[in-house]
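All values derive from a computational prediction rather than experimental measurement. A, B, ... follow the sequence lines: proteins, then strands. Residue 1 opens every chain.
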Protein chains: 2
Amino acid sequence: MNEDRSGTKDRLLDAAEDLFLHHGYEKVSIRELALAADVNIAAINYHFQGKDNLYREVIKRRFTVQRDRILLALEEVTIRHAGSPPLEDVIRSMVQGQLSDALSDIPAGNLFKLIVREVHTESRHSTALFLREMVAPVFRAFSDAMMQARPNLTQEQVDWIVASIIGQVHHFIGRWQKSRVLFDSSDDSVEVMLEAFPVLRQPVEQYVQQTTDHITQFSAAAIDALYPEVTS
Amino acid sequence: MNEDRSGTKDRLLDAAEDLFLHHGYEKVSIRELALAADVNIAAINYHFQGKDNLYREVIKRRFTVQRDRILLALEEVTIRHAGSPPLEDVIRSMVQGQLSDALSDIPAGNLFKLIVREVHTESRHSTALFLREMVAPVFRAFSDAMMQARPNLTQEQVDWIVASIIGQVHHFIGRWQKSRVLFDSSDDSVEVMLEAFPVLRQPVEQYVQQTTDHITQFSAAAIDALYPEVTS
DNA sequence: GACAAAATCAAACAACTGTTTTAATCTATG
DNA sequence: CATAGATTAAAACAGTTGTTTGATTTTGTC
């Protein structure tokens, strides 16, 4: 078989994931990719018909796994509570899932960093793919779970809430990454960040945990205060 | 005098602001810039000593104005209420200021789009400048105003809250821009966005207004629910 | 071991990048 | 009007980009 272990292909994907993540699509040349993966330059075009497609494959390789993980966590939390999950559990599933995937250093966790980059940039490399197959299903599942947790909410209200929560998640992911990038490049302006937000000094695990707690509590409190449950 | 109207310099700055905003720093070549501004290619290096510096100048031209506008609004709201401004007013000053600046189509409003791009990308073109002179002062002023509105909050609590609010603001800015970019490029995946968040169908002014209201109310509700005021 | 397919390699490709150079033109002041 | 300085212009520069070529090596199968 030719599909099992090419070696070259996988090394290329790994190196590409790492480099694209840390420096962005444009700033990484295929020569750097080839060097990092220890393959010939032509291998990129031989195995993946071009740089663009390599980028797409990097994403495709991970995103199904990650998407399904969150979808599963959301589904699990709703069926465990027989269709009426606690609001905080729903939010936590989503927030924790995204944060830990995005900030963990295991290779499998690099996807969300790429996605945040992709969404906030307008590089349009695979926008349709992202939106239709990755972002939209997760949003919809999150939306549905939240409506099961708080049936008194309208769809539009849930839309606003979901946007607020995702916005917070991405922002905290972005802060962490920015601080690490600045730190890695010994840019002294990292001190300005750390001073303004000392939580960034902590190790990843604690940052993920504290951020998850904050976003969950902050958002749940807002929801219940704005749209109080009607206890019949 | 040589400083008043060069013509070329200003046309270059205007074109650069527009192009950098819409396509990003890397994707815009100096030849495109020169064509759009209707100047010779060499003019970029003659007037700005390189592409990098032109980018920096584009930002410098706007950012002081914008920063001062928000700082003023925050200051004004605190002195009007004699040092204890209503929480919602403080949040609204910040949110409204950023949103309207970022999403209005007047040229003066392009800065924040560039900033969001700059912060969420790691292009590092003027990170220190941004953080130290633009982001940090605004964050600090926002932070201070909020502590005046709710003296019972600790600095750390305020830090978390500020991050949550800014995160929402940037996310809603990003959504709007993304939808417009997709729309402009007739990418049909814009439909996926609009379907998931129909508010994006509205004109700018209403989007800014509704988003401001939502973020303000959502965040204020969370704050008061999480950290209730002690009424002595 | 022979043979064909797959994979790797070094080299060259054409297109583009930001920047300089050199000459021509404009502009204001004497 | 003449002339010095500021500005524009066309062309060339050196370097990099993603991609392709054609030869060479490796791999698996009979």
Exercise. Can you tell which of D/dT8, C/dT8, D/dT19 lies closest to the side chain of B/Tyr46?
Worked result: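 For the B/Tyr46 side chain, the nearest candidate turns out to be D/dT8.
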Exercise. Looking at the side chain of A/Ile41, which of D/dA12, D/dT19, D/dA9 is the nearest nucleotide?
Worked result: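 That would be D/dT19.
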Exercise. If you look at every strand shown and take non-hydrogen atoms under 4.0 Å, does B/Ile44 touch a base, only sugar-phosphate, or nothing?
Worked result: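 Touches nothing.
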Exercise. Contact class for A/Ala42 vs. all strands (heavy atom < 4.0 Å): base, sugar-phosphate, or nothing?
Worked result: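 Base: the residue A/Ala42, judged by heavy atoms under 4.0 Å, touches a nucleobase.
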What is the distance from [atom1] of [X] to [atom2] of [N], rounded to the nearest Å?
X       : N      : atom1 : atom2 : answer
A/Ile30 : C/dC9  : CD1   : P     : 14 Å
A/Asn45 : C/dT8  : CG    : P     : 14 Å
A/Tyr55 : D/dG18 : OH    : P     : 14 Å
B/Arg11 : D/dT7  : CZ    : C1'   : 12 Å

For this session: Identify the residue among A/Arg61, A/Arg11, A/Lys60 that makes a salt bridge (Lys or Arg N to Asp or Glu O under 4.0 Å) with A/Glu17.
Result: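 Output: one option passes, namely A/Arg61.
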Exercise. Heavy-atom count around A/Glu195 CD within 6.0 Å, excluding the residue itself: above 12?
Worked result: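 Not buried by this count: 12 neighbours or fewer within 6.0 Å.
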Problem set entry | Ring centre gap for B/Trp160 and A/Phe197 strictly below 6.0 Å |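 Yes, close enough.
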Exercise. Where is the tightest heavy-atom contact between B/His23 and B/Lys27, given as atom of each residue plus distance?
Worked result: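 Minimum heavy-atom contact is O-CB, 3.3 Å.
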Problem set entry | 5' precedence on DNA chain C between A/Asn40 and A/Arg31 (nearest-nucleotide basis) |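 That would be A/Asn40.
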